[in-house]
**Q** 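Take a look at this one; I'll ask things after.
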Amino acid sequence: MTSRIQHTTIDARDAYAQSVWWSGVLGYVEDPDDPNLPGHEECMIFPPAGGDAPAESRGRLLFIEVPEGKELKNRLHLDLRPVDGTREQETERLLGLGATQLADHRRPDGSGWFTLADPEGNEFCILRSDAEVAAQGG
């Protein structure tokens, strides 16, 4: 017997704003039969349809409003790999969307990552793209 992850839940001060922001970061969509609206206390976003994975196992994110703000470092965070472009280009794009850079963990050999925060302070990392990894042989 095993379990599967139904969705990843992220506490938020404004669930709708977070769902919109992360949709822009990831290219995710909302359920057209249950759209996210300002004032909703729960807002879910999904990867776009496609591929062989059923909808219920495609890495959904659920934002739920909570009264308290974020105070400590996350115990869980997302590591993102750019689909198009480089780690640096994706970092610049996300900074332009309102992310904040927290740390630069790039190494002289090209490996490493940037640590960023979303508009509510939740940390996430930007890794090298698959093309960058392949170009350097790992």
Side-chain angles (χ1 to χ4, degrees):
M1 181 179 294
T2 62
S3 296
R4 67 174 168 78
I5 296 172
Q6 177 69 23
H7 52 264
T8 301
T9 302
I10 300 170
D11 291 347
R13 295 291 290 214
D14 184 336
Y16 176 73
Q18 284 291 87
S19 73
V20 169
W21 194 85
W22 279 98
S23 290
V25 169
L26 300 170
Y28 278 28
V29 298
E30 60 187 42
D31 182 348
D33 296 325
D34 185 18
N36 300 326
L37 298 171
H40 280 182
E41 294 179 0
E42 296 183 9
C43 295
M44 181 149 343
I45 58 174
F46 306 77
D52 296 331
E56 63 273 5
S57 64
R58 290 195 322 247
R60 299 184 277 186
L61 295 178
L62 174 64
F63 299 91
I64 295 181
E65 289 191 5
V66 297
E68 65 277 354
K70 181 181 172 300
E71 295 182 21
L72 302 171
K73 184 180 182 319
N74 297 11
R75 295 293 301 250
L76 173 77
H77 69 267
L78 303 176
D79 287 341
L80 306 181
R81 189 172 301 280
V83 174
D84 301 309
T86 67
R87 170 186 56 206
E88 285 72 16
Q89 290 168 328
E90 182 66 353
T91 298
E92 286 304 313
R93 182 180 81 87
L94 299 181
L95 292 171
L97 290 176
T100 303
Q101 184 173 324
L102 300 178
D104 181 345
H105 296 284
R106 292 177 296 169
R107 299 182 188 113
D109 68 357
S111 64
W113 63 93
F114 286 106
T115 302
L116 305 179
D118 72 14
E120 289 199 6
N122 299 300
E123 294 96 357
F124 62 98
C125 295
I126 304 297
L127 309 172
R128 292 186 298 169
S129 68
D130 288 338
E132 290 175 291
V133 172
Q136 291 192 316

**Q** If we ignore hydrogens and angles and just use 3.5 Å, is the side chain of N122 paired with the main-chain N or O of H77 as donor and acceptor?
**A** no
**Q** Any Lys/Arg nitrogen of D104 or R106 sitting under 4.0 Å from an Asp/Glu carboxylate oxygen of the other?
**A** yes
**Q** If the threshold is 4.0 Å, N to carboxylate O, is there a salt bridge linking E90 and R87?
**A** no
**Q** On a heavy-atom basis, which atom in N36 and which in Y16 lie closest, and how many Å separate them?
**A** O-CE1, 3.4 Å
**Q** Atom CG of L76 and atom CD of E123: how far apart are they, to the nearest 0.5 Å?
**A** 10.5 Å
**Q** Would you say that D118 contacts V25 through its side chain, given a criterion of any heavy-atom pair below 4.5 Å between the two side chains?
**A** no
**Q** Using side-chain heavy atoms (C-beta onward) and a distance below 4.5 Å, is E120 in contact with D14?
**A** yes
**Q** Do S19 and M44 make a side-chain contact, defined as non-hydrogen atoms from C-beta onward lying under 4.5 Å apart?
**A** no
**Q** Could you check whether atom CD of E41 has more than 12 heavy atoms from other residues, nucleotides or ligands sitting under 6.0 Å from it?
**A** no
**Q** Between the main-chain N or O of T86 and the side-chain N or O of R128, is there a donor-acceptor pair closer than 3.5 Å?
**A** no
**Q** Going from CG on L80 to SG on C125, what distance comes out if it is rounded to the nearest 0.5 angstrom?
**A** 8.5 Å
**Q** Are F63 and L26 joined in one hydrophobic group, where the rule is that I, L, V, M, F, W and Y side chains link up if heavy atoms are under 4.5 Å apart?
**A** yes
**Q** Measuring from atom CG of L116 to atom CG of L102, what distance do you get when rounded to the nearest 0.5 angstrom?
**A** 7.0 Å
**Q** Is any side-chain heavy atom of P82 less than 4.5 Å from a side-chain heavy atom of I126?
**A** yes
**Q** With a 3.5 Å cut-off and no angle check, do the side chains of D109 and Q136 form a donor-acceptor pair?
**A** no
**Q** Quick check: does any side chain N or O of W21 sit under 3.5 Å from a backbone N or O of L97, one acting as donor and the other as acceptor?
**A** yes
**Q** Determine whether E88 and F114 satisfy the following criterion, side chain to side chain contact (heavy atoms under 4.5 Å, CB included), listing intermediate values before the conclusion.
**A** CA-CA 9 Å; E88 285 72 16; F114 286 106; 4.1 Å; yes
**Q** Looking only at heavy atoms, which two atoms of L37 and C43 are closest? And how far apart?
**A** O-SG, 4.5 Å
**Q** So, taking the atom named CG in D11 and the one named CD1 in I64, what distance separates them when rounded to the nearest 0.5 Å?
**A** 7.0 Å
**Q** What I'd like to find out is whether the side chain of R60 reaches to under 4.5 Å of the side chain of Y28, using heavy atoms alone.
**A** no
**Q** Could you tell me the separation between the CG atom of L94 and the CD atom of Q101, rounded to the nearest 0.5 Å?
**A** 11.0 Å
**Q** Grab the two heavy atoms, one from R13 and one from V66, that are nearest each other, plus how far apart they are.
**A** CD-O, 3.9 Å
**Q** Ring centroids only, cut at 6.0 angstrom: are W22 and F124 within range, meaning strictly under it?
**A** yes
**Q** Please round to the nearest 0.5 Å and tell me the distance separating atom CG of L61 and atom CZ of F46.
**A** 10.0 Å
**Q** Which heavy-atom pair separates V29 from P48 by the least distance, and what is that distance?
**A** CG2-CA, 4.3 Å
**Q** If you compare all heavy atoms of G112 against all heavy atoms of R107, which two are closest, and at what distance to 0.1 Å?
**A** N-NH1, 3.8 Å
**Q** Indicate the atoms forming the closest heavy-atom contact of H40 with A15, along with that distance.
**A** O-CB, 3.7 Å
